[in-house]
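The structure under discussion appears below in the form of structure tokens.
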Amino acid sequence: MNTPFYIAAAVAVISTFMVITRRNAVHALLYLIVSLLSVALIFFLLGAPFVAALEIIIYAGAIMVLFVFVIMMLNLGPQSTEMERRWLTPEIWVGPTILTALLAAELLYVLVRVQVRPSDINVITPKQVGIALLGPYVLGVELASLLLLAGLVGAFHLGRREKSDGGGRA
């Protein structure tokens, strides 16, 4: 069971390095998604399938939606569309595709070949996660929610446009 773990860890390190070194945000996003998927596979291999599912749903899904939202909000016009068309050539997809195919093959191998006895792993249930978050870590959860709320209010304030009726502020 060590080999799949090391392969997923290597994919995570390589894709994270690619996130850091890419100049184009779209390319970095593709590698970031691969990195998050490999971390989810590592969680699955360590016996935490619920955390792996949360990793995929919350992080990989939310980051994609956030990125698309920011692109739509900026609305940079036809010049950015042409630049994006030049950036998104088929060669760009080779690296993320290879790394994702490696992760998919590894996941299939683990699901089909590796026999894990239930006594070998300690499964974490959603109830245990909820008790931990609302028990000893409730202060951290509340502080994170306040930080997210402050970010939302700040983003709204920075993104809104003033109406000019000629009579004052809207």
Side-chain angles (χ1 to χ4, degrees), residues 1-74 80-81 83-138 140-141 143-145 147-148 151:
M1 184 140 162
N2 287 338
T3 305
F5 175 81
Y6 289 124
I7 292 172
V11 169
V13 169
I14 291 169
S15 58
T16 303
F17 177 75
M18 297 299 281
V19 169
I20 295 169
T21 59
R22 299 300 96 186
R23 291 180 185 235
N24 185 347
V26 176
H27 302 168
L29 179 72
L30 291 173
Y31 283 108
L32 180 62
I33 292 169
V34 172
S35 175
L36 293 171
L37 291 175
S38 61
V39 170
L41 183 58
I42 290 171
F43 280 133
F44 182 77
L45 290 172
L46 292 175
F50 179 68
V51 178
L54 288 178
E55 177 82 19
I56 292 171
I57 293 169
I58 294 173
Y59 291 111
I63 287 174
M64 281 299 294
V65 169
L66 179 65
F67 195 76
V68 169
F69 177 72
V70 168
I71 288 176
M72 288 172 24
M73 188 173 70
L74 291 177
S80 66
T81 306
M83 187 181 302
E84 184 178 328
R85 189 171 291 127
R86 284 184 287 158
W87 281 343
L88 287 177
T89 59
E91 306 87 52
I92 297 305
W93 292 92
V94 172
T97 303
I98 290 171
L99 293 173
T100 304
L102 181 64
L103 286 175
E106 182 181 5
L107 180 61
L108 287 174
Y109 170 76
V110 167
L111 291 176
V112 173
R113 297 284 185 175
V114 176
Q115 297 296 326
V116 178
R117 291 176 285 153
S119 63
D120 289 348
I121 59 175
N122 185 13
V123 177
I124 300 169
T125 64
K127 181 178 179 181
Q128 290 172 321
V129 173
I131 289 171
L133 286 178
L134 298 176
Y137 301 111
V138 71
V141 170
L143 289 175
S145 68
L147 182 64
L148 289 171

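I56 places none of its side-chain heavy atoms less than 4.5 Å from the side chain of L36. Between I14 and Y31, every side-chain heavy-atom pair lies at or beyond the 4.5 Å cut-off. Between Y6 and N2, the closest side-chain pair of non-hydrogen atoms falls below 4.5 Å. With a 4.5 Å cut-off on side-chain heavy atoms, L133 and V138 do not count as touching. In this structure the side chain of F44 reaches within 4.5 angstrom of the side chain of L107, judged on heavy atoms.
The side-chain contact (heavy atoms from CB on, under 4.5 Å) with V11 is formed by just one residue from the set L41, T100, L103; it is L103.
In this structure, A132 and Y137 approach most closely via the heavy-atom pair O-CD1, 3.1 Å. For the residue pair P96 and V34, the shortest heavy atom distance occurs at O-CG2, 3.8 Å. Of all heavy-atom pairs between A40 and E55, the closest is CB-CG, 3.7 Å.
Checked against side-chain hydrogen bond (donor to acceptor under 3.5 Å, both in side chains), S38 has no partners two or more places apart in sequence or in another chain. Residues forming a side chain to side chain contact (heavy atoms under 4.5 Å, CB included) with I42 (at least two apart in sequence, or on another chain): F5, A8, A9, L46. Take T16 and apply the side-chain hydrogen bond (donor to acceptor under 3.5 Å, both in side chains) test, not counting sequence neighbours, and it matches S35.
Once rounded to the nearest 0.5 Å, the distance linking CE of M18 with CG of L99 reads 8.0 Å. Taken to the nearest 0.5 Å, the CG atom of L143 stands 11.0 Å off from the CG atom of L148. Taken from OG in S15 to CD1 in I98, the straight-line distance is 13.0 Å, to the nearest 0.5 Å.
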Should F17 and V13 be marked as a side-chain contact (heavy atoms from CB on, under 4.5 Å) after you check the CA-CA gap, both sets of side-chain angles, and the distance that decides it? CA-CA 6 Å; F17 177 75; V13 169; 5.5 Å; no

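In the displayed structure, F50 atom CZ is contacted under 6.0 Å by more than 12 heavy atoms of other residues, nucleotides or ligands.
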